[in-house]
Amino acid sequence: MPGRPTRTYLRTVFVLIGAALALALALLDITLIAILARGTPLPIWAVSAVGAVLVVAPIAALGLVPAMRTIEGAAVQALLSIDLPGGAPGPAQSWSQRRMTLGWFTVHLLCGAVLVAGVMATIALGNGWMAVPLLAALVAVAVGLGEVLARLAPAMLGPAAAERVAMLERDVERAVERNRIAREIHDSVGHALSLVSLQAGAARKVIGHDPDFAVSALTSIETAAREAAADLDRVLGLLREDVALTETAPESDLGSLEHLVRATRAAGLAVDHDVHGDVTTVPSLVSQEAYRIVQEALTNALKYSTDGAARLVVTRSDTALTVTLVNRSSDERSGQPATSGRGLRGIAERVHALGGSYTAASVAPDAWMLSATLPLSASDA
Amino acid sequence: MTIRVLLVDDEPLVRGGLRAILEAEDDLAVVAEAGDGAEALTQAKLTPPDVVLMDVRMPHVDGIAATRLLAELDPPPRVIVVTTFENDDYVYDALVAGAQGFLLKREAPDQVVHAVRTVHRSESLLFPAAVRALVSGRARGRTSTTTDPTARLTEREQEVLRLVAAGMSNAEVAGQLFLGIETVKSHVRSILTKLGVRDRVQAVIVAYESGFVSPH
């Protein structure tokens with residue numbers, strides 16, 4: 001944040017840019033109106049009406065361009081020295097944003113026009129010593145306009161109420177996801193550490209008269225600690241990726257796959273499914289992630305399948321777990337998004353975080369396929 | 001006299017660790033192991049234990065249901081709930097279901113042995129501060145609208161209940177109040193009768209649920 005004098009100066013510069021723009025547009029208007037008035041025998045009211053249109057049209061033409069929101073946003077952040085809520089504004093994405101940007105642009109121009117008028121008045125009236133107070137007043141007006149603009153900017157260029165709600169929702173979702181991850185760490189690592197301390201305590205106690213037990217206890221300690229460390233690696237990887245989330249219950253894993261399939265059938269999707277390989281011994285985090293993927297994929301199929309059916313295949317190999325779901329979809333697959341759904345986007349991010357691969361695309365004019373592969377060991381990640 | 005112990009946990013590694021710790025003591029013997037609550041009941045009927053170390057979260061029949069079932073045996077074994085986390089809501093449910101105490105899996109071997117011996121003596125419940133907070137936290141939502149049962153206690157009995165709820169044994173209560181231990185025992189018996197509960201764990205739960213004792 002620049003110091004106060006610098007900030008005031010920069011804000012004045014912003015007003016001066018408005019003045020320059022206002023002056024340029026005014027020259028354009030004057031030229032057009034002059035041509036119009038000279039060349040046509042129209043009555044005066046008609047000339048005024050067309051002139052008004054000529055004044056408004058260029059402003060609207062500039063202010064409604066989506067990129068204007070980006071340009072004004074950048075200028076506002078750099079020169080008015082304020083942080084707009086939600087960061088630097090992007091191009092206007094809706095008509096309401098375009099209208100707000102036009103409003104802001106108009107206010108910017110009007111402030112500039114006020115300054116231009118002030119300059120002209122100073123030129124007309126400022127003779128000799130009179131110029132000094134007039135110039136001082138002019139500077140004061142420029143500074144004041146800069147302050148006014150700085151106050152108006154957040155409301156006009158910042159996110160609209162709906163966007164703010166969406167941002168808050170994203171924050172809440174992120175917090176929920178972090179809580180879920182914290183709970184996972186707590187459960188899996190807490191459990192492993194309890195086991196380690198119990199077995200270590202037992203080993204210490206009996207090592208004198210039962211060394212065999214002590215050796216097997218040390219082996220379990222080794223395994224439990226190693227698995228817990230691998231779990232931590234995976235979960236912290238998820239945290240670093242700052243993942244999006246699903247609304248899935250935290251404890252469900254592939255052990256509940258049958259239940260999920262039954263529930264989906266009850267909801268109206270004819271699910272035909274196959275499981276290859278033993279999925280019950282998959283590491284718990286991979287298993288939970290796979291469950292979430294299946295859940296999102298089925299939800300998606302329920303929404304978009306055109307014949308109310310889907311085929312699900314879960315395959316466990318020595319090194320990886322693959323989930324594939326195929327369903328019929330309309331030709332244009334209008335609305336079956338590759339990654340835009342929150343759940344599906346979350347899948348893509350988390351699969352990536354776990355070192356796996358993910359695709360979701362139409363594989364035939366009327367078929368849609370989602371496929372995710374997760375490595376079973378952390379070292380692949 | 002040997003204290004006969006039944007181990008209930010779905011994880012063999014936990015049972016193995018507990019068995020090694022307990023079997024190293026001359027006065028303790030693990031007479032059976034079970035992998036879930038249903039098996040626990042079967043084993044308890046086959047080889048009646050004095051004390052059951054009971055995991056809470058298990059497949060099929062969990063520790064809470066199993067504790068409730070064991071409490072109906074004659075004579076009922078004394079149950080210690082063994083848990084990974086001290087702020088586990090299930091622990092409260094298990095205590096309400098009739099468990100006499102609770103133990104963390106991460107506790108040192110000496111503490112495990114001590115817990116079994118203490119509960120077997122019917123002396124004192126194992127009630128660390130964390131569980132007091134847990135019980136009271138849960139109890140706040142449950143506070144009944146019926147009259148406070150602790151109002152029927154004499155002043156002396158109220159004093160005794162307050163100390164028992166703080167986790168004191170009869171001997172500790174006796175020392176604190178300058179009473180003989182037999183006097184304390186008779187106060188405790190009278191408290192149980194007046195509150196209509198079968199043991200001191202239940203008395204402590206009533207004390208918290210009625211708001212007679214607060215955790216702070």
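Just so it is clear, the model here is predicted, and its values are computed rather than measured. Quick note on labels: first sequence line is chain A, next is B, and so on, each numbered from 1.
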**Prompt:** Do Arg200(B) and Asn170(B) pass the side chain to side chain donor-acceptor pair (under 3.5 Å) test, and can you show the C-alpha distance, the side-chain angles, and the key distance before you say yes or no?
**Reply:** CA-CA 11 Å; Arg200(B) 52 200 292 147; Asn170(B) 285 347; 2.8 Å; yes

**Asked** How close do Ala372(A) and Ile293(A) get, heavy atom to heavy atom, and via which atoms?
**Response**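 Looks like CB-CD1, 3.9 Å.
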
**Asked** Does a sphere of radius 6.0 Å around NE2 in His259(A) hold more than 12 heavy atoms from other residues, nucleotides or ligands, not counting ones at 6.0 Å or beyond?
**Response**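 At most 12 heavy atoms, drawn from other residues, nucleotides or ligands, come within 6.0 Å of this atom.
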
[X], part contacting chain A, at a heavy-atom distance under 4.5 Å:
{"X": "Glu23(B)", "result": "neither"}
{"X": "Val113(B)", "result": "side chain"}
{"X": "Glu25(B)", "result": "side chain"}

**Request:** Name the option with the most non-hydrogen atom pairs under 4.5 Å to chain B; the candidates are Gly201(A), Ala224(A), Ala202(A).
**Result:**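 Highest number of pairs under 4.5 Å: Ala202(A).
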
**Request:** Determine the sole option in Val271(A), Leu312(A), Val261(A), Thr264(A) for which the side chain to side chain contact (heavy atoms under 4.5 Å, CB included) test with Val294(A) is passed.
**Result:**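 One option only clears the test, and that one is Leu312(A).
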
**Asked** Hey, what do you get for CG (Leu260(A)) to CG (Asp253(A)), rounding to the nearest 0.5 Å?
**Response**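 Output value for this atom pair is 11.5 Å.
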
**Message:** Report which part of Leu198(A) has an atom under 4.5 Å of a heavy atom belonging to chain B: side chain, backbone, both, or neither.
**Reply:**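 Both parts, backbone and side chain.
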
